[in-house]
Amino acid sequence: MGKSESFFGDPDPIFADKELLRVSHLPEGDRIIGRDQELKKLANAIKDAQRGGTPNNVLIYGKTGTGKSLCSKYITRDLTQAAAENGVKVGVSYVDCFQESTETQTVRTIAQTLNDPTQTDVTVPHTGVSTSDYYRRLWEILDTRLDVGIVILDEIDKLEDDNVLMQLSRAVEAGKVTDSTLGVIGISNKIRYKDSLNERVKSSLSERDFVFPPYDANQLREILKSRADAFREGVLNEDVIPKVAALAAKEHGDARKAIDILRYAGEIAQANGAEQVREKFVDHAREQAETDRFRELIRGSTPHSRYVLQALTILSLDNPNKEGFRTTTIYDLYEEICRQNGSESLSLRRVRDLLKEHAFLDVTEQTRRSGGSAEGSFTEHQLLEDPEVVQSVLTGDIEPE
DNA sequence: CCTCCACAGGAATTTGCGGGGT
DNA sequence: ACCCCGCAAATTCCTGTGGAGG
């Protein structure tokens, strides 16, 4: 990979090691930037585990791309190493609750990742056992091969029910595990997530709360600089990084997006046959990054789901200063769009569900309102993405068949 | 406290599709 | 080739909800 020699022609004139600009790339410890305070606090919250004690349960809030998962993964890896030096066995399980959204899936994943069949007699089949059986096996795995288990629940707000949280957060005091102990790190990008929890879970799960603020322009600049090795020497024009950082900071403070923009800027330079990545590519790169991210978000949604979205988009474009649109307004326009496309419209009830799915994927946001005296109550929907971007994705890629 | 409106969303049910098993 | 099962999409029916004004 590092070698630039290729069967397909000249070595890459722009990128030296593009992997550095992949979001999945996990930097080494000294490359986490602008999160010193957060790392310190996190370490403090779970430090008891180092000597085999019970770590505090932690809830982390913050918008996307503020380093929540990154810091959690890093700090637990560090903890595992430090604990090993004390002869304490720590196991870390990372679960993406967006993928594993039900109780059973979550427990199964935790058990699977913490298990090591060479050390335990326990197997964790993919299917065929009951939820309580998964729990039983998980407790057994913990007791036989670990001193401390740490479970990172990413996108915890996407969990369908909080039974898992109840079980995990109370496992120790309920005597489910005896020779080991357990801690939970919950990650959410909804600040209000805690409000939706029931009291018992709330108090035991959020012994410590942290909020990760968005990165400011300086921090973003540092982060981008640390990845500048991805480019060949002298290729990256010196005003590119400040420009990307400024753009990203102004809009969202999302490091992931900032890195994406930088990568796209490089790709655009490549496509144009330029020998340098210049500032003028950045604006275009930002558009591209946003469009691509959004395309990914609605990939696989059905035609009708798109029509609904299109209706909302048209409304947003036509009324730039309006905040939200009611379901029925959207539905009327949606019916119109169906007619134009020559397909039967779905029922209002179904469209409600489709809109809810968009809200779930953070494409839109729903707000319940009340009109007041004898005016009824209703829900308003608002696009979270720039309508122009949505529009271009919706009209641009009509996938055949 | 009750009413009234414009919805929201739960429950039950139907329809259509794909993957095994025989 | 056939049926059965499970699943997801979609429909129909219906009860629930919020809050200003009576």
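This structure is a prediction, so every number in the text was calculated from the model and none was measured. Letters A, B, ... mirror the listed sequences (proteins, then strands); counts begin at 1.
Here B/dT15 presents its P atom at 16 Å from CD of A/Glu344, a figure rounded to the nearest Å. Rounded to an integer number of Å, the gap from CZ of A/Arg350 to C1' of C/dA9 is 5 Å. Atom C1' of nucleotide B/dC5 and atom CZ of A/Arg326 are separated by 10 Å, given to the nearest angstrom. Between A/Arg368 atom CZ and C/dG16 atom P the separation is 14 Å, expressed in whole Å. Summarising the geometry, the separation between CG on A/Leu346 and P on C/dT12 is reported as 11 Å, rounded to the nearest angstrom. In this structure, the CG atom of A/Leu355 is 15 Å from the C1' atom of C/dA10, given to the nearest Å. Nucleotide C/dA9 holds its P atom 13 Å from the NE2 atom of A/His304, rounded to whole Å. Rounded to whole angstrom, the span from the OH atom of A/Tyr307 across to the C1' atom of C/dA10 amounts to 16 Å.
For C/dG21, neither phosphate oxygen OP1 nor OP2 lies less than 4.0 angstrom from any side-chain nitrogen or oxygen of A/Ser373. Close to B/dC7, at under 4.0 Å from its OP1 or OP2, lies a side-chain N or O of A/Thr328.
Residue-level contact check: A/Arg369 touches neither bases nor backbone, having no heavy atom under 4.0 Å from any strand.
Counting heavy-atom neighbours within 6.0 Å of A/Glu323 CD, excluding the residue itself, gives a total of 12 or less.
The closest side-chain donor-acceptor pair between A/Ser204 and A/Asn57, if any, does not fall under 3.5 angstrom.
Looking at which nucleotide of DNA chain B each of A/Asp353 and A/Gly372 is closest to, the 5′-most match is held by A/Gly372. Across the interface with DNA chain C, nearest-nucleotide mapping of A/Arg349 and A/Glu375 shows A/Arg349 to be the residue nearer the 5′ end.
Taking the six-membered ring where the residue is Trp, the centroids of A/His284 and A/Phe281 are separated by 6.0 Å or more.
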**Message:** Test side-chain hydrogen bond (donor to acceptor under 3.5 Å, both in side chains) on A/Lys47 and A/Asn44; report intermediate values, then the result.
**Reply:** CA-CA 5 Å; A/Lys47 67 165 190 275; A/Asn44 202 37; 2.9 Å; yes
